[in-house]
J.: 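There's a structure below that I have some questions on.
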Amino acid sequence: HSILHSNRAFAYIRLSRWSEAVEDCCRALELNPGNAKAKYRRALARSNLGKPEEALVDLNQVLADLPDAQGNKEAMELKQKLEAELAAKASPAVASNSTQSSSSKHGASTAADPSMEEAFPDIKVGRTMQDIEAAKDNGNQLFSKGSVEESVRWFSKCLWLLDGGMVADANSTKGKQLRGVLHKNRAFAYFKLRKWGEAESDASKSLEFSPQDVKALYRRALARLELGQAAGALEDIDAALRNQPDNKELQSLRDRAAAEAGPAKPAKPAKSAVAPLIEERPSSPPASSSGASTSPPAQASGRARGPVARSLTAPSVPASSPKTGSELLRHCNSMKKHPAVLARYLRERVPAQLLTTLFNRAPIEADDLALLLLTLRGSVAEGEAGITAEIAGEYLNALVKTQGAATQFAMLSSSEKDVVEELLSGIPAGPKAENLRRDVRAALR
């Protein structure tokens, strides 16, 4: 199947249908990440879409995988052409500084390839994973403030550094996860800018790193519908429904895709409902022209029930309270398929005030925030671990006081914000409850 997608991409290139070519190349690389022809063809299509930086990333990977210069004459020629175009766009001062920096014999081991012009030279980002995380957070904040095009530039700069091998540990598990999130965030930004082809391409790239990511599938489905690719959108939605069969937003979008694709095909969602796969993303943009929500879907239920969830061996509650925020999140993610155990862990080992302490310097990311909110809602509904509506309110009060809470709450999807409202509505009336509702709703805007 990888070869078929790559060959169809070549046909699309001959027809100058660049977005469709990128889509097919991405699908080919999902099936076979080592398909050099698909990488080269995607580079060619991206160069014609006016995305030279991304095209260069693909070309550098092709040349690294197949270093024989004679056998890669076309790739080398395209690389030189794109580098010349980027050099022409750069100011003389920037070009001089870039050449001087990259030609140094004593530079850092993660310095850029001397032949590569720096992408977005006005955006200064360090060469460590921590620097990339900080730059990604800045891109998220720009998005939430409405500076969508600027957020795209920041996400792109991060990806240029990671994909170009200029950051230590870029190919580690954490580095790959971060690249997947960045592509997914940029896909969301492109969607708001009504750049459907770019949104589809970035969502596809995100799925190369995490093929079952529900939100990436959802975003690619939305972009494909706007591109008139209803059949492909239907495939994405069905794949997402296998992970979240009760998700109403996915079900509604499937009805639309099925109608546009022609005769409806029966959905084949799995019977189990495991915990939602939630990833960090920018705040929800307005509805698309077709009326579909562009906010990533959240699971309709905060509980993970069903035969698969019950059949898994439940982990035990850790014996001690977490010492750091990363330790807490590691435990939470290990237990997210067992919400009852996760609820016990929160109640027994993580008192509400500890959340504020653990995240007083670094934010709790939107995906992790959503997981905690869904767990609280499910626990209140089921009466698990002694978490009442009032106790859930204490956790909400702690979460809204964490570092960067305003940005992270604003980045929740519409469905996840509904979970927050449901928790707020259950808190017993009183002055403290009113103050909490005011603070949390201010953060949700």
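Hydrogens, waters and symmetry mates are skipped; everything else that's a heavy atom, side chains included, is used. Given the structure is predicted, the values throughout are model-derived calculations rather than measurements.
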J.: Atom NE2 of His183 and atom CZ of Phe209: how far apart are they, to the nearest 0.5 Å?
T.: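 Interatomic distance, His183 NE2 to Phe209 CZ, rounded to 0.5 Å: 5.5 Å.
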J.: Which heavy atom of Leu346 sits nearest to which heavy atom of Tyr395, and what is that distance?
T.: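 Where Leu346 meets Tyr395 most closely, the heavy atoms are O-OH, 2.8 Å.
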J.: Measuring from Asp238:CG to Leu217:CG, what's the distance to the nearest 0.5 Å?
T.: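 Nearest 0.5 Å value for the CG-CG distance: 10.5 Å.
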J.: Find out whether Ile237 and Leu241 are in side-chain contact, i.e. whether some heavy atom of one side chain is under 4.5 Å from a heavy atom of the other.
T.: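 They are in side-chain contact.
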J.: Is the Lys NZ or Arg CZ of Arg219 less than 6.0 Å from the centre of Phe191's six-membered ring, within 45° of the axis?
T.: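 No, cation not above the ring by the 6.0 Å, 45° rule.
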J.: How long is the gap from OG on Ser206 to CD on Gln177, to the nearest 0.5 Å?
T.: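 CD of Gln177 is found 11.0 Å from OG of Ser206.
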J.: In this structure, are over 12 heavy atoms from other groups packed under 6.0 Å from Ile3 atom CD1?
T.: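 For Ile3, atom CD1 is not crowded (no more than 12 foreign heavy atoms under 6.0 Å).
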J.: Do Arg224 and Trp196 have side-chain heavy atoms sitting under 4.5 Å apart?
T.: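 Of all side-chain heavy-atom pairs linking Trp196 with Arg224, none is under 4.5 Å.
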J.: With a 4.5 Å limit on heavy-atom distance, are the side chains of Ser47 and Lys79 in contact?
T.: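 Heavy-atom side-chain distance check fails, nothing below 4.5 Å.
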J.: Give the intermediate values and the outcome of side-chain hydrogen bond (donor to acceptor under 3.5 Å, both in side chains) for residues Arg186 and Ser156.
T.: CA-CA 8 Å; Arg186 193 171 64 177; Ser156 298; 2.8 Å; yes
J.: Any donor-acceptor pair under 3.5 Å linking the side-chain atoms of Ser320 with those of Arg349?
T.: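 Arg349 vs Ser320: no donor-acceptor pair found between side chains.
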J.: Check for a donor-acceptor pair, side chain of Lys157 on one end and backbone N or O of Phe120 on the other, with a separation under 3.5 Å.
T.: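 Yes; at least one donor-acceptor contact below 3.5 Å.
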J.: Side chains of Thr128 and Asp131 only: does a donor on one sit below 3.5 Å from an acceptor on the other?
T.: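 Short answer, yes.
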J.: When rounded to the nearest 0.5 angstrom, what is the spacing between CG in Leu142 and CD in Glu149?
T.: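 The CD atom of Glu149 is 12.0 Å from CG of Leu142, to the nearest 0.5 Å.
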J.: May I ask you to decide if Glu150's main-chain N or O and Ser147's side chain share a donor-acceptor pair within less than 3.5 Å?
T.: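 It does not hold such a pair.
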J.: How about Glu200 and Gln229: does a side-chain donor come under 3.5 Å of a side-chain acceptor?
T.: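 No, no side-chain donor-acceptor pair sits under 3.5 Å.
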J.: Hey, are Asn35 and Arg42 close enough side-chain-wise for a donor-acceptor pair under 3.5 Å?
T.: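 Side-chain D/A pair, Arg42 to Asn35: absent.
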J.: Ignoring hydrogens and angles, tell me if any N or O in the side chain of Lys124 forms a donor-acceptor pair with the backbone of Pro121 under 3.5 Å.
T.: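 Checking the backbone N and O of Pro121 against the side chain of Lys124, a donor-acceptor pair under 3.5 Å is found.
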J.: So, Ser204 side chain and Glu23 main chain: donor-acceptor pair closer than 3.5 Å or not?
T.: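 Answer holds: no.
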J.: Can the positive tip of Arg41 be found less than 6.0 Å from the middle of the six-membered ring of Phe10, inside 45° of the ring normal?
T.: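 Geometry flag: set, cation within 6.0 Å and 45°.
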J.: Ignoring hydrogens and geometry, is there a side-chain-to-backbone donor-acceptor pair from Thr402 to Leu399 under 3.5 Å?
T.: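 Looks like yes, one N/O pair under 3.5 Å.
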J.: Could Lys192 and Phe143 be counted as a cation-pi pair, given that NZ or CZ must be under 6.0 Å from the ring centre and within 45° of the axis?
T.: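 Judged by the rule, Lys192 and Phe143 form a cation-pi pair.
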J.: Could you give me the CA-CA distance, side-chain angles and deciding distance for Glu249 and Arg254, then say whether salt bridge (charged side-chain N to carboxylate O under 4.0 Å, His left out) is met?
T.: CA-CA 9 Å; Glu249 289 180 71; Arg254 190 187 192 284; over 6 Å; no
J.: Under the ring pair (Phe, Tyr, Trp, His ring centres under 6.0 Å) test, which residues partner His331, sequence neighbours left out?
T.: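 Testing His331 for ring pair (Phe, Tyr, Trp, His ring centres under 6.0 Å), a comparison that skips the adjacent residues, returns Tyr345.
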J.: What distance do Gln61 atom CD and Lys39 atom NZ have between them, rounded to the nearest 0.5 Å?
T.: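 Between Gln61 CD and Lys39 NZ, I get 4.5 Å after rounding to 0.5 Å.
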J.: Applying salt bridge (charged side-chain N to carboxylate O under 4.0 Å, His left out) to Asp58 and Arg46, what does each step give before you reach the verdict?
T.: CA-CA 9 Å; Asp58 281 334; Arg46 283 175 166 175; 3.0 Å; yes
J.: Check this for me: Glu421, atom CD, are more than 12 non-hydrogen atoms of other residues, nucleotides or ligands nearer than 6.0 Å?
T.: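 Result for CD/Glu421: enclosed.
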J.: Can you tell me if Asn333 uses its side chain to pair, donor with acceptor, with the backbone of Leu329 under 3.5 Å?
T.: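 Looks like yes, one N/O pair under 3.5 Å.
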J.: Can you tell me how far the CG atom of Leu56 sits from the CG atom of Leu82, to the nearest 0.5 Å?
T.: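 Result: 5.0 Å between the selected atoms.
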J.: Quick check: does any side chain N or O of Asn32 sit under 3.5 Å from a backbone N or O of Ala28, one acting as donor and the other as acceptor?
T.: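 No, the answer is negative, given that no donor and acceptor are paired below the 3.5 Å cut-off.
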J.: Do Lys174 and Asp169 come close enough that some side-chain heavy atom pair is under 4.5 Å?
T.: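 Side chain of Lys174 against side chain of Asp169, heavy atoms only: no contact under 4.5 Å found.
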J.: In chain order, what residues pass the ring pair (Phe, Tyr, Trp, His ring centres under 6.0 Å) check against Phe359, with sequence neighbours excluded?
T.: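 Checked Phe359 against ring pair (Phe, Tyr, Trp, His ring centres under 6.0 Å); zero matches.
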J.: Are Glu198 and Lys195 ion-paired here, with the side-chain N under 4.0 Å from a carboxylate O?
T.: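 No, this pair does not count.
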